[in-house]
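By convention in this document, chain letters (A, B, ...) are assigned in the order of the sequence lines, proteins followed by strands, and residues within each chain are numbered from 1. Since the structure is predicted, the reported quantities are computational estimates derived from the model, not experimental observations.
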There are 2 protein chains.
Amino acid sequence: MTDQQAFFDLLDIMENEKLVEAKRFFALMRSTFCIANLLYADVDVLATGFAIHWLHHTFSACAARTYLDEGFRRIDPILRLTMGGIRPVDWATARQLHPESEPLFCAAAQLGLGIDGVTLPLPTPTRRLAFLAIHADVPAEQWPAYRRTHLRDFQLLANLFHASVLENDNRIELSEHGAKMLTHRETEVLGWTAAGKSYWEIGTILGISERTVRFFMTNARRKLNVVSNTQAVAQAVRRDLIPTF
Amino acid sequence: MTDQQAFFDLLDIMENEKLVEAKRFFALMRSTFCIANLLYADVDVLATGFAIHWLHHTFSACAARTYLDEGFRRIDPILRLTMGGIRPVDWATARQLHPESEPLFCAAAQLGLGIDGVTLPLPTPTRRLAFLAIHADVPAEQWPAYRRTHLRDFQLLANLFHASVLENDNRIELSEHGAKMLTHRETEVLGWTAAGKSYWEIGTILGISERTVRFFMTNARRKLNVVSNTQAVAQAVRRDLIPTF
DNA sequence: GACATAACTGTCGGTAGTGACAGGTTTCTA
DNA sequence: TAGAAACCTGTCACTACCGACAGTTATGTC
């Protein structure tokens with residue numbers, strides 16, 4: 001089987017080369033398998049609005065724009081299923097499970113995109129979640145057999161590509177580095193917030209203005225590198241930064 | 001190829017059955033591939049000393065005792081590499097990279113265990129890390145070809161088994177507290193709120209409406225007898241009602 | 001004297017959270 | 001077969017939060 005040999009060649013590359021560019025990986029995938037399009041995204045699920053760390057795809061600019069403009073992200077059942085588990089997500093299955101997402105699939109059909117594909121969740125232990133979406137280029141009737149044969153190939157290669165991306169991601173973890181100490185007032189205000197007090201109440205308790213309470217909370221949020229008071233309190237309690245009362 | 005068919009049968013089982021017991025998975029793996037032993041462990045990397053959540057293996061009691069008694073865990077280079085990345089870890093490679101771990105491999109040889117095997121890291125987004133160690137039962141000279149052929153099978157099947165374990169593990173959390181005050185959904189929503197997510201984002205993550213997220217949070221607030229989400233999270237973290245992430 | 005840090009205050013506009021209203025389904029147990 | 005419990009959804013009115021704008025004063029250290 002020459003098919004087999006192509007896979008093994010690709011496997012050798014993915015296992016032995018330190019860095020494999022997305023463009024190259026995608027090209028190799030498309031030449032090895034019957035793939036129409038690929039999409040790889042690395043998402044920080046801790047950040048607000050799912051901050052995307054890393055994104056590469058081979059879809060047309062038109063298709064990408066439609067997806068974003070129509071707000072399909074909000075109803076995309078594939079995304080939901082991908083975020084919620086670690087099993088491969090079949091697009092057809094996702095479509096069946098969420099009939100409300102028909103507009104998305106109709107739009108995809110109009111753009112000439114097939115509906116046969118699979119998305120592989122690629123979790124990491126650091127609360128980031130990546131996935132590789134694979135859009136097959138085979139007739140619908142051949143899809144089940146194609147999927148069954150190549151899912152294992154996709155899973156392994158996706159994992160190796162994901163490993164390559166992570167290993168070459170030089171981002172510095174700011175959580176430890178930027179963890180400045182909180183001032184007295186910041187600790188105080190955080191403590192009262194954890195006790196369920198509103199800004200106005202805390203201002204009254206401490207004899208300062210509501211605005212100033214907000215100022216301290218904003219500083220605390222920045223120092224803890226979080227986006228909401230709730231998250232700040234969760235961090236502070238876990239790190240034992242505020243006294244229990 | 002009957003070999004192929006056996007793999008596909010196993011794949012069908014792993015994809016379609018809700019719960020696959022470790023014992024059965026291991027038996028199926030051993031009958032499908034030339035495998036001597038298997039070990040699956042699910043580890044909480046945040047807990048002190050790597051608390052093991054879930055563990056199953058087919059090694060002999062003697063081998064397991066030797067491993068523990070000799071403190072091999074501390075010098076086990078396979079474990080290190082597994083914890084530190086997401087690529088498959090070859091035992092031979094680990095041995096080469098860490099010559100100081102020779103005692104471990106010598107002991108393994110004395111117990112009649114081969115040294116050809118591979119360990120697959122299986123990360124989750126919740127700071128837990130599992131792995132499946134596969135100890136091959138093929139002559140050393142056949143190992144490279146065997147590995148190349150079946151690594152993809154192992155990767156996919158390991159992922160599916162891991163998914164099965166995770167999906168069936170969520171229900172036994174908090175059992176130590178006896179009176180489980182919060183429901184599963186309430187705990188889940190509280191956890192995401194502590195992570196700084198908005199109602200809309202949580203709804204997207206869990207695949208439910210924003211309104212329903214609000215419903216769960218309202219119930220959680222009432223049960224915890226607090227007035228704000230922030231206070232609820234503070235209480236929940238202090239009482240260890242939500243997992244740390 | 002320049003600089004850094006902590007404490008403090010005001011306004012505006014937008015988004016997120018909150019309570020109270022009123023429904024629904026599924027699943028399990030008495 | 002009734003009822004409880006968990007899960008799920010919608011709308012309205014109101015309040016709280018949050019980022020970005022633009023400041024002041026006091027206390028230190030180099």
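The CG-P distance, from A/L206 to C/dA6, rounds to 18 Å in whole Å. Here D/dA16 presents its P atom at 8 Å from CD of A/E210, a figure rounded to the nearest Å. C/dT15 atom C1' lies 12 Å from atom CD of B/E201, rounded to whole Å. In this structure, the CD1 atom of A/I202 is 13 Å from the P atom of C/dC8, given to the nearest Å. D/dC17 atom C1' lies 18 Å from atom CZ of A/R222, rounded to whole Å. Rounded to whole angstrom, the span from the CZ atom of A/R221 across to the P atom of C/dA16 amounts to 14 Å. Across the protein-nucleic acid pair, B/K197 atom NZ and C/dT15 atom C1' stand 16 Å apart, rounded to whole Å. Atom CD1 in A/I208 sits about 16 Å away from atom P in C/dA6, given to the nearest Å.
B/F154 pairs by the ring pair (Phe, Tyr, Trp, His ring centres under 6.0 Å) definition with B/F33, not counting sequence neighbours. For A/R152, the salt bridge (charged side-chain N to carboxylate O under 4.0 Å, His left out) partners at least two apart in sequence or on another chain are B/D153. Shown here are the side chain to side chain donor-acceptor pair (under 3.5 Å) partners of B/S209, two or more places apart in sequence or in another chain: B/T212. With sequence neighbours left out, the side chain to side chain donor-acceptor pair (under 3.5 Å) criterion links A/T230 to B/T230. Under the ring pair (Phe, Tyr, Trp, His ring centres under 6.0 Å) criterion, B/F131 pairs with no residue, sequence neighbours left out. Not a single ring pair (Phe, Tyr, Trp, His ring centres under 6.0 Å) links A/F216 to another residue, sequence neighbours left out.
Between B/S198 and C/dA16 there is no side-chain N or O to OP1 or OP2 distance below 4.0 Å. At least one side-chain nitrogen or oxygen of B/S209 sits closer than 4.0 Å to the OP1 or OP2 atom of D/dT9. Checking the phosphate oxygens (OP1, OP2) of C/dT18, a side-chain nitrogen or oxygen of B/Y199 falls inside 4.0 Å. Under 4.0 angstrom from either OP1 or OP2 of C/dA6 there lies no side-chain N or O belonging to A/T183.
Between B/R87 and A/E167, at least one side-chain nitrogen of the basic residue sits less than 4.0 Å from a carboxylate oxygen of the acidic one, meeting the salt-bridge criterion.
Residue pairs meeting the side chain to side chain donor-acceptor pair (under 3.5 Å) criterion with at least one partner in residues 20-33 of chain B, sequence neighbours excluded, are B/E17-B/R24.
Comparing the end axes of the helix from C/dG1-D/dC30 to C/dT29-D/dA2, each fitted to five base pairs by superposing C1' atoms of four pairs onto the next four, gives an inter-axis angle of 50° (nearest 10 degrees).
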Polar atom pairs between nucleotides 20-28 of chain C and protein, under 3.5 Å, N or O only, would you list them?
none

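Within 4.0 Å (heavy atoms only), A/N229 reaches sugar-phosphate atoms of the nucleic acid but no base atom.
Of all non-hydrogen atoms in B/G196 and A/S228, the two that sit nearest each other are CA-OG, 3.8 Å.
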